[in-house]
Amino acid sequence: MRPRATLVLVPVLALAISLGAAPAQAQAQATAAVAYTAEERRHALSYWTPERMRRTDLSVDLGRTGPKSEPWKGVPVKTVGKLYFVNAKGADTWCTAAAVRSGNRSTVVAAAHCVRLPASPVNTYTDLVFVPGYGKEKRQPHGVFPVRTTVTPSSWATDAITDFAALTVDPVKGKKLTDAVGGQKIAFGRKPGGRVTAFGYPATRPQRGAELLYCAGTAKAAPGDEQSVPCDMGGGASGGPWLADFDAKAGTGTLVSVNSHGDGPERSTTMSGPALGAAARQVFERAQKG
């Protein structure tokens with residue numbers, strides 16, 4: 001943000017495409033991917049017990065929930081959940097993520113800063129799991145999906161540009177992610193504007209990351225190939241989906257951005273997210289083939 005405060009938590013517990021390249025080669029150069037071995041994915045599943053998730057939720061208190069953020073009381077939005085991981089400092093933490101319709105029926109989208117440090121190619125995160133429909137009463141209502149790969153724009157890995165990521169997850173008990181919880185539509189190249197509903201799991205109280213919150217408002221174009229919406233969700237909401245044309249009765253819409261950063265170092269009044277253009281499309285295309 002300018003000043004910029006990304007929304008990933010640091011808990012107190014620890015606190016070019018080359019000219020002339022072939023299409024597949026060009027796509028690989030425009031994206032940065034990390035793959036996790038079967039052993040690493042098994043470790044992630046054993047690591048993130050319900051108790052560890054609960055302790056991580058309670059490890060950060062970012063003050064009271066703001067007036068623009070409200071608990072979601074409607075039909076369960078099963079596609080939205082928490083992305084738990086161990087960050088580059090070795091701290092247990094989380095972001096928000098969402099299941100989307102994809103060719104492999106196993107793709108999740110979030111913010112790039114939820115999977116790796118910006119402008120630091122070697123600093124990627126570990127033990128990533130996606131927990132759709134996470135809630136205070138039922139923390140794992142649809143199971144825990146270990147992350148097999150993460151994909152971000154190469155521009156994020158090298159220059160902190162385009163805060164968008166797509167992740168591929170393993171099936172749970174033989175069932176692929178969107179077969180289990182459904183998937184939101186996703187749109188690329190859509191101009192900012194119109195009403196959007198942004199979801200997230202911020203570490204503000206009294207919810208402390210255990211309940212899904214939302215903001216709703218009109219999206220506007222913002223500098224730096226971003227868009228913004230009135231919202232005061234704090235850390236932990238990073239990566240949460242912006243859903244246009246949201247049907248509250250069905251819990252579905254079209255994903256047009258993700259929570260990236262607020263407009264202040266502490267309490268923000270505006271949330272910004274990336275415009276989903278060519279770079280984001282390349283990330284998604286690579287992930288859904290994984």
#### Entry: Worked check of side chain to side chain contact (heavy atoms under 4.5 Å, CB included) between Lys185 and Val100
CA-CA 6 Å; Lys185 297 177 184 177; Val100 293; over 6 Å; no
How long is the gap from [atom1] on [X] to [atom2] on [Y], to the nearest 0.5 Å?
X: Thr254; Y: Leu243; atom1: OG1; atom2: CG; answer: 8.0 Å
X: Arg52; Y: Asp92; atom1: CZ; atom2: CG; answer: 5.0 Å
X: Thr168; Y: Arg105; atom1: OG1; atom2: CZ; answer: 13.0 Å
X: Tyr201; Y: Gln207; atom1: OH; atom2: CD; answer: 12.0 Å
X: Ser102; Y: Lys176; atom1: OG; atom2: NZ; answer: 8.5 Å
X: Phe145; Y: Leu167; atom1: CZ; atom2: CG; answer: 13.5 Å

### Test salt bridge (Lys or Arg N to Asp or Glu O under 4.0 Å) applied to Arg42 - qualifying residues, sequence neighbours left out
none
[X] and [Y]: which non-hydrogen atoms are nearest, and at how many Å?
X: Leu117; Y: Ala88; value: CD1-CB, 3.8 Å
X: Val131; Y: Gln140; value: CG1-CA, 4.0 Å
X: Glu226; Y: Ser260; value: OE2-OG, 4.3 Å
X: Leu213; Y: Pro202; value: CD2-CG, 3.8 Å
X: Phe164; Y: Leu276; value: CD1-CD2, 3.7 Å
X: Arg286; Y: Ala32; value: NH1-N, 4.4 Å

Between the side chains of [Y] and [X], is the shortest nitrogen-to-carboxylate-oxygen separation below 4.0 Å, so that they form an ion pair?
X: Asp179; Y: Arg101; value: no
X: Asp245; Y: Arg195; value: no
X: Asp61; Y: Arg205; value: yes

### Query
Are Asp163 and Trp156 close enough, and set up right, to give a side chain to side chain donor-acceptor pair (under 3.5 Å), and what steps lead you there?
CA-CA 7 Å; Asp163 193 8; Trp156 178 262; 4.9 Å; no
Backbone N/O of [Y] and side chain of [X]: donor-acceptor pair under 3.5 Å:
X: Thr56; Y: Arg54; answer: no
X: Asn87; Y: Ala91; answer: yes
X: Thr79; Y: Gly183; answer: no
X: Asp225; Y: Ala275; answer: no
X: Arg41; Y: Asp170; answer: no
X: Thr158; Y: Ser154; answer: yes
X: Ser228; Y: Gly273; answer: no
X: Trp72; Y: Val75; answer: yes

### Residue of the set Val151, Ile186, Val283 for which side-chain contact (heavy atoms from CB on, under 4.5 Å) holds with Val109
Ile186
### Query
Is the distance between the ring centroids of Phe199 and Phe246 less than 6.0 Å?
yes
### Query
Asp57 and salt bridge (charged side-chain N to carboxylate O under 4.0 Å, His left out): which partner among Arg208, Arg139, Lys136?
Arg139
### Candidate pair Val115 and Phe85, rule side chain to side chain contact (heavy atoms under 4.5 Å, CB included), full reasoning
CA-CA 8 Å; Val115 303; Phe85 56 94; over 6 Å; no
### Message
Quick one, Thr124 and Thr150 - any side-chain contact, counting heavy atoms below 4.5 Å?
### Response
no
### Message
Quick check on side-chain hydrogen bond (donor to acceptor under 3.5 Å, both in side chains): which of Thr126, Thr37, Asp127 does His43 satisfy it with?
### Response
Asp127
### Query
What about Ile161 and Val258, same hydrophobic cluster or not, with Ile/Leu/Val/Met/Phe/Trp/Tyr joined at side-chain heavy-atom distances under 4.5 Å?
no
### Task
Take Ser238 and Asn259, measure what side chain to side chain donor-acceptor pair (under 3.5 Å) needs, and give me the verdict at the end.
CA-CA 5 Å; Ser238 282; Asn259 297 324; over 6 Å; no
### Task
Any chance you could lay out the side chain to side chain contact (heavy atoms under 4.5 Å, CB included) test for Val86 and Tyr47, step after step, and finish with the verdict?
CA-CA 10 Å; Val86 178; Tyr47 186 81; 3.8 Å; yes
### From CA spacing to verdict: side chain to side chain contact (heavy atoms under 4.5 Å, CB included), Cys215, Met233
CA-CA 8 Å; Cys215 298; Met233 285 193 288; 4.0 Å; yes
### Task
Could you tell me whether Glu137 atom CD has more than 12 heavy atoms of other residues or ligands within 6.0 Å of it?
no
### Residue pair Gln184 / Thr252, side-chain donor-acceptor N/O under 3.5 Å
no
